[in-house]
Structure formats: C-alpha cells, structure tokens
Q: 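Before we start, here is the structure in question, set down as structure tokens.
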Amino acid sequence: MSLSDLARLEHVSVIFEKRPDGGLRVSSPDVPGFRLSHSNPALITADIIPALETIIGETVGKAVRVTMASSRLSLPEAASEQTKADYVAKIAA
C-alpha cells in the first residue's frame with residue numbers, strides 16, 4: 001500500500017449500531033477490517049481513534065493521526081438503530 005491510499009482513507013465514515021443487549025457495534029465501509037463491538041459503549045468509543053490510526057497507518061505505511069470531524073458524537077438510542085460520524089486521517093508530523 002502507499003500514500004495514495006491515504007487519499008482514499010483521509011475521510012472515514014464510522015457507523016454506530018446499538019446492539020440488542022444495549023452494547024454498541026462500530027464499523028466503517030471505508031476501512032476494511034475495522035469492526036469493534038462491546039457491551040460497554042464507552043469502551044468502544046475510546047477505542048475508535050487508536051484502532052483507526054493503527055489500521056490506516058498499516059495500510060499507508062506511515063504513522064497517522066485520526067480526529068473526529070465534528071465535536072459531537074451522536075450514538076444510537078434504540079436496538080438496531082444506526083448513526084454515523086466522520087473522522088479525518090492525516091500523516092503524523
């Protein structure tokens with residue numbers, strides 16, 4: 001993989017889905033292999049950025065920093081409901 005992959009991965013959509021047990025499932029159609037799931041939503045949200053940095057960094061062969069594009073994260077309320085958040089990846093300085 002190369003830095004040209006970063007252009008494809010620079011803007012990443014993350015899908016949040018409420019599990020029937022109250023937990024949270026997270027994935028991204030933009031980042032193959034990115035899937036997180038846990039009964040504690042706080043643990044999932046804390047792992048999103050480090051997981052994206054690792055997967056995208058491995059893909060492009062350089063360290064990257066990922067930030068959330070907006071300042072507010074809206075999580076789904078009901079089971080099987082989905083919400084989306086956008087993240088941005090940049091080469092680490």
Q: How would you list, by chain and number, every residue that makes a side-chain hydrogen bond (donor to acceptor under 3.5 Å, both in side chains) with Ser13, sequence neighbours excluded?
A: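 Per chain and number, Ser13 pairs via side-chain hydrogen bond (donor to acceptor under 3.5 Å, both in side chains) with Asp86.
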Q: Look up atom CD1 in Ile55 and atom OG in Ser28, then write down how far apart they are to the nearest 0.5 Å.
A: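 Here the interatomic distance stands at 9.0 Å.
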Q: Would you please name every residue forming a salt bridge (Lys or Arg N to Asp or Glu O under 4.0 Å) with Asp47, sequence neighbours left out?
A: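 Here no residue qualifies.
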Q: Report the C-alpha distance between Val14 and Phe34 in whole Å, list the side-chain angles of each, state the deciding distance to 0.1 Å, and finish with yes or no for side-chain contact (heavy atoms from CB on, under 4.5 Å).
A: CA-CA 9 Å; Val14 173; Phe34 176 72; 4.1 Å; yes
Q: Quickly, which of Val31, Ile48, Asp30 forms a side chain to side chain contact (heavy atoms under 4.5 Å, CB included) with Tyr87? Name it, please.
A: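 For Tyr87, the side chain to side chain contact (heavy atoms under 4.5 Å, CB included) check succeeds only for Ile48.
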Q: For residues 36-44, run the donor-acceptor check on the side chains, cut-off 3.5 Å, and write out each pair with its distance to 0.1 Å, sequence neighbours left out.
A:
from, atom 1, to, atom 2, distance (Å)
Ser37, OG, Arg19, NH1, 2.7
His38, ND1, Asn40, N, 2.8
Asn40, OD1, Ala42, N, 2.9

Q: Determine, for Arg25 against Glu17, whether the closest basic-nitrogen to carboxylate-oxygen distance falls under 4.0 angstrom.
A: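 Counted as a salt bridge, because a side-chain N and a carboxylate O are separated by less than 4.0 Å.
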Q: Applying the 4.5 Å side-chain criterion to the ILVMFWY set and letting contacts propagate, would Ile15 and Ile56 be lumped into a single cluster?
A: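 Shared cluster, no.
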Q: Which atom pairs, donor and acceptor, lie under 3.5 Å between side-chain atoms of residues 64-77 and protein residues at least two apart or in another chain?
A:
from, atom 1, to, atom 2, distance (Å)
Ser70, OG, Arg72, O, 3.0

Q: At their closest point, which heavy atom of Pro20 faces which heavy atom of Ala79, and how far apart are they?
A: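 Of all heavy-atom pairs spanning Pro20 and Ala79, the closest is CA-CB, 3.9 Å.
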Q: Between CZ of Phe16 and CD of Gln82, what distance do you get to the nearest 0.5 Å?
A: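 Going from the CZ atom of Phe16 to the CD atom of Gln82 covers 11.0 Å.
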